[in-house]
Amino acid sequence: MSNNCSKSQILAWVLGDHSAETFNLCGTLFAGGFALFYVTDGWKVYLSFIEPGDHIVSKTYMTRVEGENTRLRHYLARLQTLLTSLPLRYRKTLCYSKSVDMLKYSIHLLLHYFKYREIPVFS
């Protein structure tokens with residue numbers, strides 16, 4: 001997940017585990033000077049993609065990202081264990097579909113609501 005430091009806003013997100021493949025998807029979103037620097041929790045795979053001068057490893061700076069993760073888990077039951085237990089594993093429950101596509105749609109809809117304070121209605 002990518003956050004804007006000056007606003008409480010999610011700029012981009014990718015669904016996946018902590019693998020190089022997932023981070024490579026993030027890298028394509030940030031290509032072309034999207035970010036001045038990157039703040040991470042120091043996961044090993046980041047060293048392969050981020051230049052040392054552009055990389056800040058800090059739990060303190062990560063609090064905004066962790067706060068957004070908490071907020072998403074609060075609103076979406078399907079994220080209760082997903083964001084804390086990768087690879088993709090779920091508790092057995094009847095509350096939601098376990099489809100990855102439905103998870104993506106749910107995140108898109110929630111982020112739209114956070115940004116615009118409205119839910120799109122399709123006819």
Side-chain angles (χ1 to χ4, degrees):
M1 182 181 313
S2 172
N3 283 47
N4 183 339
C5 294
S6 63
K7 299 179 187 176
S8 181
Q9 181 180 11
I10 296 171
L11 299 175
W13 59 273
V14 173
L15 182 63
D17 57 10
H18 279 118
S19 69
E21 181 180 329
T22 300
F23 192 78
N24 202 23
L25 293 172
C26 288
T28 59
L29 292 174
F30 305 135
F34 183 72
L36 299 175
F37 60 91
Y38 301 89
V39 179
T40 72
D41 57 359
W43 197 258
K44 293 175 254 178
V45 75
Y46 301 148
L47 300 174
S48 304
F49 293 93
I50 302 173
E51 296 292 325
D54 297 336
H55 189 198
I56 299 170
V57 177
S58 172
K59 288 289 185 182
T60 302
Y61 287 123
M62 288 295 294
T63 55
R64 172 154 296 154
V65 173
E66 295 304 327
E68 291 295 336
N69 286 345
T70 300
R71 189 162 70 141
L72 290 174
R73 280 193 301 273
H74 172 76
Y75 287 107
L76 293 177
R78 67 181 71 241
L79 295 176
Q80 289 298 322
T81 57
L82 177 63
L83 291 177
T84 58
S85 63
L86 294 171
L88 301 176
R89 293 181 294 206
Y90 300 92
R91 287 185 186 159
K92 289 186 178 182
T93 180
L94 301 175
C95 294
Y96 56 86
S97 162
K98 293 169 188 66
S99 159
V100 173
D101 286 336
M102 288 305 296
L103 175 59
K104 289 178 183 178
Y105 296 141
S106 297
I107 293 171
H108 277 293
L109 186 61
L110 183 60
L111 295 180
H112 179 88
Y113 176 75
F114 286 161
K115 186 172 183 177
Y116 301 107
R117 294 294 180 211
E118 67 180 18
I119 298 174
V121 179
F122 303 100
S123 52

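Side chains included, hydrogens not; waters and symmetry mates left out as well; all remaining heavy atoms used. All values reported here derive from a predicted model rather than from experimental measurement.
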(message) What I'd like to find out is whether the side chain of D41 reaches to under 4.5 Å of the side chain of Y46, using heavy atoms alone.
(response) yes

(request) Using the rule that two of Ile, Leu, Val, Met, Phe, Trp, Tyr join whenever any of their side-chain heavy atoms come within less than 4.5 Å, decide whether L76 and L109 are in one cluster. (result) yes

(message) Taking Y75 as the starting point, is it possible to reach L15 by hopping between hydrophobic residues whose side chains are less than 4.5 Å apart?
(response) yes

(request) Could you tell me which non-hydrogen atom of F114 sits nearest to which non-hydrogen atom of R71, and how far apart they are? (result) CD1-NH2, 3.5 Å

(request) Determine whether F37 and V57 fall in the same hydrophobic cluster, where Ile, Leu, Val, Met, Phe, Trp and Tyr are linked whenever their side-chain heavy atoms lie under 4.5 Å apart. (result) no

(request) Evaluate the side-chain contact (heavy atoms from CB on, under 4.5 Å) criterion for residues L72 and L111: first the C-alpha distance (whole Å), next the side-chain angles of each, then the deciding distance (0.1 Å), finally the verdict. (result) CA-CA 9 Å; L72 290 174; L111 295 180; 4.1 Å; yes

(message) Taking V45 as the starting point, is it possible to reach I50 by hopping between hydrophobic residues whose side chains are less than 4.5 Å apart?
(response) yes

(message) Hydrophobic clustering (ILVMFWY, side-chain heavy atoms < 4.5 Å, transitive) - are L25 and L47 grouped together?
(response) no

(request) Could you tell me the separation between the NE2 atom of H74 and the CG atom of N69, rounded to the nearest 0.5 Å? (result) 14.5 Å

(message) I'd like to check the side-chain hydrogen bond (donor to acceptor under 3.5 Å, both in side chains) partners of S58; sequence neighbours left out, ordered by chain and number.
(response) none

(request) Verify whether the ring centers belonging to Y38 and F49 lie closer than 6.0 Å. (result) no

(request) Please examine the side chains of V65 and E68, heavy atoms only from C-beta on, and report whether any two atoms are closer than 4.5 Å. (result) no

(request) Any side chain to side chain donor-acceptor pair (under 3.5 Å) involving residues 108-121? Give me the pairs, sequence neighbours left out, ordered by first then second residue. (result) none

